[in-house]
Amino acid sequence: MGKSSKDKRDLYYRKAKEEGYRARSAFKLLQLNDQFHFLDDPNLKRVVDLCAAPGSWSQVLSRKLFEGQKDVEGRKIVAVDLQKMSPIDHVTTIQADITHPKTLNRILELFGNEKADFVCSDGAPDVTGLHDLDEYIQQQLIMSALQLTCCVLKRNGTFIAKIFRGRDIDMLYSQLGYLFDKIVCAKPRSSRGTSMEAFIVCLSYNPPQDWEPKLDINQSTEQFFEKIPSLNGISELSIDDQSHTKAQLPSWSLEERSIAEFMSCGGLDSFDSDATYHIDADDSRQRESLDPVQSPTNPPYKEALELKRRGKLTRAI
Amino acid sequence: MKEISHYGPSLCSKFHEKLVYVGYGSSIHVYDYHTGDIINECNIFHRNKVHHIRICTAGYALICGMKSFSVVKLDDLMSCSEVLNNERVIAECIISGEFSYECTQLYLLTCYNEVMVIDFQGKIISRNSVYGERSLLYSGSIKVMSKDEVYVNAGTVMGGVLIWNLFTAHMMHNLVGHIGSIFHVTLSDDGGFVASCSDDRSIRLWDFKTGSELSIGWGHTARIWQLKFFNDNKNLISISEDCTCRVWSISTHSEAKIELVQRNVFEVHLTKNAWSIDVHDGDMIAVSTGNDGRIKLTDLQLASRHGDEQECFSVQDISRSTGTKFENGEIIKGFQWYEFGLVAVTSLGNILTYTTNNGWRFQMNNTKFISYCYVNGVSDENVAVFSNNSGHIMMLKFNDDAEDVIAKSEYHASELSKTNNCMVCKYGSSHFLILLESPNPKDVFLCLIVNSATLAIEEKIPYSKPHNFSSSCVEVYQDNVLVGSRYSTLAIYSLKSGSNPYVVRRINPGDTTTSIKYIETVGGKAIFSVTNRDGYYNFIKINFNLDLHEQDTPVTVIHSNKIVRGFLEHAYMDSSGDYIIHGFKSNLFYIYNETKGYEITSEACGGAHRQWRLSSTSDGWILVYIKASNIFFRRFHKRAIPETLRDGIHGREIRDIAIKKDKMYNKGYLFCTGSEDTSIKLCHFAKDSGRVTTFWTQRKHVSGLQRCAFINEDLFISSSAREELLLWEVDTESLERPFMNLRQVLPTSTTNPDLRIMDFSVQFIENNVGFILAAVYSDSAIKAWFFDMRNSTFHLLLDGKYETCCMLNVCLVQYQENLYVVTTPTDGHLVFYNISNCIPFKIKNQSVELISDEVQILSSALPNFDLKLPVHQSGIKALAHAIDSSGRLKFYTGGDDNAIGICTMTIEESTGKIEGHISAFKPNGAASTITSCGLIDQGKFLVTTSVDQLVKVWDISKDKISLEKSQYVTVADTGSSDSITTEDGSTTLLIGGVGLSIFQVPCE
């Protein structure tokens, strides 16, 4: 598909290029904000963007927190990703692993040892096509982001993350309900209706009073949350005794599940990401196809593509 | 509610002795792969799919899937219908599992690179990991070399392969070289090599001792999911998203360089994704599984198992063995295969025979056949027919060992000024026909009837030749000769009466007709398969009971389709009713099972531009072809083992399912599935067993399907992106197989259409003169068309737009002398358009009629909507409607917002406008998007499917929505359903998504 036909099929793709966003997903955060207004709060100071590359959410955060704002005193945005990111105004980018304690320390350092008001993550893993595995890995990514969030987010702070609404999503809703006062499943109009994607909006961080979360690279997420048993259906097996051995593995049972309130975001007057729009032929600005703000990164299979292009990957042997 | 059958992704397979164990959904299927018989289906897990199977010598299987694992006795796997009590769970996803050396413990590798050592009772003995290496894994394996030597091979998401010792927790290697996530890593049994594959589409071979990279294997064009060493670690086999499995050799002939060389490629699965591969070393058979739900067996010795598969002779070889001197440049010009072997002619008119026992032999020379000679024959009569370009024919009949010529006859067709084609075909039990064609259009098309025993010409029929005719193939049926031609034309001659053929032109868009084959007789009419070199194939029905010239339509096309790619040379139905085709694609000759969708065999012969002929033998086929002046014999033996253990369905998501509900077909029902893979399958399910048989895979759509539906007993519509809406006619007269022909295509709005037709609905006009079609588009367009049955044309009636958002559903509803177009856009509203006064039809209470016989078709603008009722927060994905016992119109909706709604509509008497309200609403009907709904049991219950993989039955009587039943379904991306309630009150429910599940819902 050429870039102009994609422009036509996906108005958000075109709009992102027009407005200088690195990806169309910028509109997802904007529309979430239209509903929840978390970025319009004048008291919002410290913000963390996890799995931030290529950086469209950081761009939104930067514009919302700094552009045209009078009082930017104390405002800080930290963006973390394993991939390298091009710089963004007012954003400190860290190329690091979100599960590593060092990353946490660097963020807290940048915040002058104060906690964050808002943490977001638009991260998604490479999708294999095995739905159960893909959904699981996505939930692990959210749990990794959540671990860091638990260490960095202030009480009453907000956490939002991308989710896939598959077969175990109600399990995640239930788990997050133990850490936040309110959980909403939000679907921006810019996220395609045909996609399983949605965003979990966790409001009012409210962890157990006596719980001191601590990142340890040799701990799994299950071990991290083991002091909150409701968050971890099978954690009792590892606290059976000190040596973590001779514990009996449980039989299968249906995990605790609950359904979060659903909220469509962005208003019905905003563009529909499932619709085909006709580009007005008289408007020359609309007709011209735009180059993406940032070229796509090299895929891992770049060399294979090159070999195929040269006719080296044929069936004949 | 009970699942009676399931077809869908299979993620693992394992040979053990003479059986193969296959993970299929949450069950394991056990097959005897020699007979293809299924021994047992055993349900292993409550919900999780089976991802891994390991088998130990003590007679146990370790089965893992996500967080679940189970240890099951092989005896139980072969006899129990379920072993759900054995299921145990750990806190994290299990990437791989293995038995300990003495089969007393289990090792489970988690996705956080930790190995849990567990006893058979599920007690944790230890948890081992390498300090600081707990990053996420997509893949891994455990290799048990001895009691205290166990290695963990872990594939990370960042290109690294970590190899560590389980007991010392010592990291031995971090193999770096791949880019992207590692999707499989395995250590050879002898501990010599490590093989890995990743998102970079390469296979890398490493030295286990040194950790150095030995070789990189390129070849796959998509991600590779599994690798397996076999044949004493001399070979590696890989399986990929490109749906092929590939055999690699590990060449160790030179100490200096160990190389991974691709040796063979097998196309094994459909469209997208093949997940698992295993090899039976003793039998050299591979089993593979994929997203298409097919369990495929591949013969890894396809070209060497019998030893006689390949023979090649040069002209010099033949000269030496016959003792005949050939001239410089003399080549083989034509040949025909017989039970005894081959008859061939050279460019200098030397006629030779070849038999398996005695090799090549010179028979005679005939100078008439120098330079131009065409060889044909009747194989089971040992008759060869030689012809040149000036009308000379020589016929030879050999004895059974080709030692002697027992009859010979020559003829000169002086009726023809020149000949450019000669075709031979058996006629009855004692004769054959020779058809001679001249390039001169004024010449006759000459048919000779020859006695097979004496080779005497008993009759000559000078047929007239149609204009624009160039014969290419022939079939004889009773006393009729069917001749195929270029321009996709067919001429039917009678051997008993008249010389004028009945001509059928442009059967399909292709050019040269390559084969005509009689299939069966149904209702007194004969059905033939007709193939075209350009890849099209058709089935035609001919009524031979009356003179063809005296009938209005003696020949009807009942089936049309096109092969995936390449040239199509021939087709026939095999004994099990599968349509077998052969032809060429690029430099390969292929034989393909079109019904089941797999390649049977192929030969890299160099392509279509050569002398070649495929003949059946007592044991399969033989392909004889010329390549670089050499003659090749390639025997394809019938396989001793089945091609598949289970035939699957689509390789990608099923977007819609439509059951043909008007009548039963062979103890079940016909149904169609429309898939993201752009194809439609016409299938059958047996009512009792749920067994699914696929008859056809229609490939007319070029984009992913959106919707499909049967609109009456023989018409079917499918719609997809690129503004494709196709009207099909289904012919179910034959009980062997149904047929399906494209009848008409809906006109598009532009020459380069890019809109999706999201849904459609029809309303038939009284007396079957046609129907009104409402279609909704992704750009908010709503259109109504009239399809005139009398001339098969669509006429646009109404055209308009809702707003700018995408439309998801539409239905045409006749309610109290009004006809409504009811649509659901992505904004969550139910929108009603009353079109009664905008269309040239009379809307009565029960019917829609033509106002006059002459339909005045004037397209007009869609009127404004009567009502826009907000029901859901976002898109209404599922829509059903019914008129209840008190005459109120009801709509049932399921949304992206997880909710289910019931709306009750009435017509306000004073204004005549439709009004309505939400009479019931359930916000959390599911944990995720509700994707389909349908009424069952006379509208008493509503069935919904949702992406959370639950099928729910709701009691919707008395304007409430209360849950009756809920059932987990193993089909992911659950997106479509259809149901049929039979006379006994039970409902059969078909659920589609990534796979297909069939449920039986007993009556209340």
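Using a 4.5 Å cut-off between heavy atoms, Ser251(A) touches chain B through backbone and side chain atoms alike. In this structure, no portion of Ser270(A) lies under 4.5 Å from any heavy atom of chain B. For chain A, the nearby part of Val130(B) is the backbone; its heavy atoms alone come within less than 4.5 Å. If you measure heavy-atom distances from Ala198(A) to chain B, you find no contacts under 4.5 Å at all. For Leu11(B), the part lying near chain A is the side chain, with the backbone staying farther off; criterion is any non-hydrogen pair under 4.5 Å. If you measure heavy-atom distances from Lys877(B) to chain A, the contacts under 4.5 Å come from the side chain alone. Using a 4.5 Å cut-off between heavy atoms, Tyr968(B) touches chain A through its side chain atoms alone. Contacts between Gln140(A) and chain B at a heavy-atom distance below 4.5 Å involve backbone atoms as well as side-chain atoms. In this structure, the portion of Leu307(A) lying under 4.5 Å from any heavy atom of chain B is its side chain and not its backbone. Heavy atoms closer than 4.5 Å to chain A are found in the side chain of Ile118(B), but not in its backbone. Looking at Arg223(B), only its side chain comes within 4.5 Å of chain A, counting heavy atoms on both sides. Only the side chain of Asn273(B) comes within less than 4.5 Å of a heavy atom of chain A; its backbone N, CA, C and O stay farther away. For a residue to count as touching a neighbouring chain, one of its non-hydrogen atoms must lie under 4.5 Å from one of that chain's; by this rule Phe271(A) does not touch chain B. Residue contact with chain A, scored on non-hydrogen atoms closer than 4.5 Å, involves the backbone and the side chain of Tyr131(B) alike. Neither the backbone nor the side chain of Tyr777(B) comes within contact range of chain A; no heavy atom of the residue lies under 4.5 Å from a heavy atom of that chain. Heavy atoms closer than 4.5 Å to chain A are found in the backbone of Ala926(B), but not in its side chain. For Leu141(A), no part lies near chain B; criterion is any non-hydrogen pair under 4.5 Å. For Ser68(B), the part sitting under 4.5 Å from any heavy atom of chain A is the side chain, from C-beta outward, and nothing else.
Side-chain contact between Thr128(A) and Glu241(B): absent, with no pair of heavy atoms (C-beta onward) separated by less than 4.5 Å. Arg201(B) places none of its side-chain heavy atoms less than 4.5 Å from the side chain of Glu303(A). In this structure the side chain of Cys93(B) reaches within 4.5 angstrom of the side chain of Leu133(A), judged on heavy atoms. Looking at heavy atoms from C-beta onward, Lys187(A) lies out of side-chain contact with Asp897(B) at the 4.5 angstrom threshold. With a 4.5 Å cut-off on side-chain heavy atoms, His131(A) and Pro9(B) do not count as touching. Residues Ile124(B) and Leu249(A) meet the side-chain proximity criterion, which asks for heavy atoms closer than 4.5 Å. Annotation: side chain of Leu84(B) is not in contact with side chain of Trp252(A) (no heavy-atom distance under 4.5 Å). For the pair Trp218(B) and Lys308(A), the minimum side-chain heavy-atom distance is 4.5 Å or more.
From Asp168(A), atom CG reaches atom CE of Met66(B) across 8.0 Å, with rounding to the nearest 0.5 Å. With rounding to the nearest 0.5 Å, the separation of CD in Glu261(A) from CG in Asn898(B) is 11.0 Å. Once rounded to the nearest 0.5 Å, the distance linking OG1 of Thr99(A) with OH of Tyr112(B) reads 8.0 Å.
When each of Met263(A), Glu135(A), Arg257(A) is scored by its heavy-atom pairs under 4.5 Å with chain B, the top score falls to Met263(A). Here Arg47(B) is the residue among Gln121(B), Lys272(B), Glu133(B), Arg47(B) with the most heavy-atom pairs under 4.5 Å with chain A. Here Ser778(B) is the residue among Ser778(B), Ser780(B), Pro923(B), Ser928(B) with the most heavy-atom pairs under 4.5 Å with chain A. With chain A as the partner, the residue from Asp896(B), Ile179(B), Asp827(B) showing the most heavy-atom pairs under 4.5 Å is Asp896(B). Taking chain A as the reference chain and counting heavy-atom pairs below 4.5 Å, the highest number among Gly180(B), Ser70(B), Gly122(B) is found for Gly122(B).
Thr826(B) and Asp272(A) form a side-chain donor-acceptor contact under 3.5 Å, judged by distance and modelled atom types alone.
Across Asp948(B), Thr970(B), Asn48(B), a single residue satisfies side chain to side chain donor-acceptor pair (under 3.5 Å) together with Arg167(A), and that is Asn48(B).
Scanning both residues, Ile169(A) and Ala927(B), for their nearest heavy atoms gives CG2-O, 3.6 Å. For the residue pair Pro300(A) and Asp200(B), the shortest heavy atom distance occurs at O-CB, 3.2 Å. Scanning all heavy atoms of the two residues, the minimum distance from Tyr301(A) to Asp199(B) falls at CB-O, 3.5 Å. Residues Cys806(B) and Ala275(A) approach most closely at N-CB, 3.5 Å, considering heavy atoms. Taking both residues in full, the closest heavy atoms of Met158(B) and Leu82(A) are given as SD-CD1, 4.2 Å, listed atom of the first, atom of the second, then distance. Of all heavy-atom pairs between Asp126(A) and Ser181(B), the closest is OD2-OG, 3.5 Å.
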**OP:** Could you walk me through whether Thr804(B) and His278(A) pass side chain to side chain contact (heavy atoms under 4.5 Å, CB included), step by step?
**Re:** CA-CA 9 Å; Thr804(B) 55; His278(A) 297 275; over 6 Å; no
**OP:** Walk me through it: do Val947(B) and Arg165(A) pass the test side chain to side chain contact (heavy atoms under 4.5 Å, CB included)?
**Re:** CA-CA 7 Å; Val947(B) 183; Arg165(A) 286 198 291 158; 5.8 Å; no
**OP:** Show your working on side chain to side chain contact (heavy atoms under 4.5 Å, CB included) between Asp754(B) and Thr276(A) and close with a plain yes or no.
**Re:** CA-CA 8 Å; Asp754(B) 64 351; Thr276(A) 311; 4.3 Å; yes
**OP:** Show your reasoning for whether side chain to side chain contact (heavy atoms under 4.5 Å, CB included) applies to His51(B) and Asp132(A).
**Re:** CA-CA 10 Å; His51(B) 285 240; Asp132(A) 49 1; 2.8 Å; yes
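The residues Asp216(A) and Arg134(B) are annotated as not salt-bridged, no charged nitrogen and carboxylate oxygen being separated by less than 4.0 angstrom.
Lys801(B) NZ: more than 12 foreign heavy atoms inside a 6.0 Å radius. When the shell of 6.0 Å around NZ of Lys868(B) is examined, it contains more than 12 heavy atoms from other residues, nucleotides or ligands.
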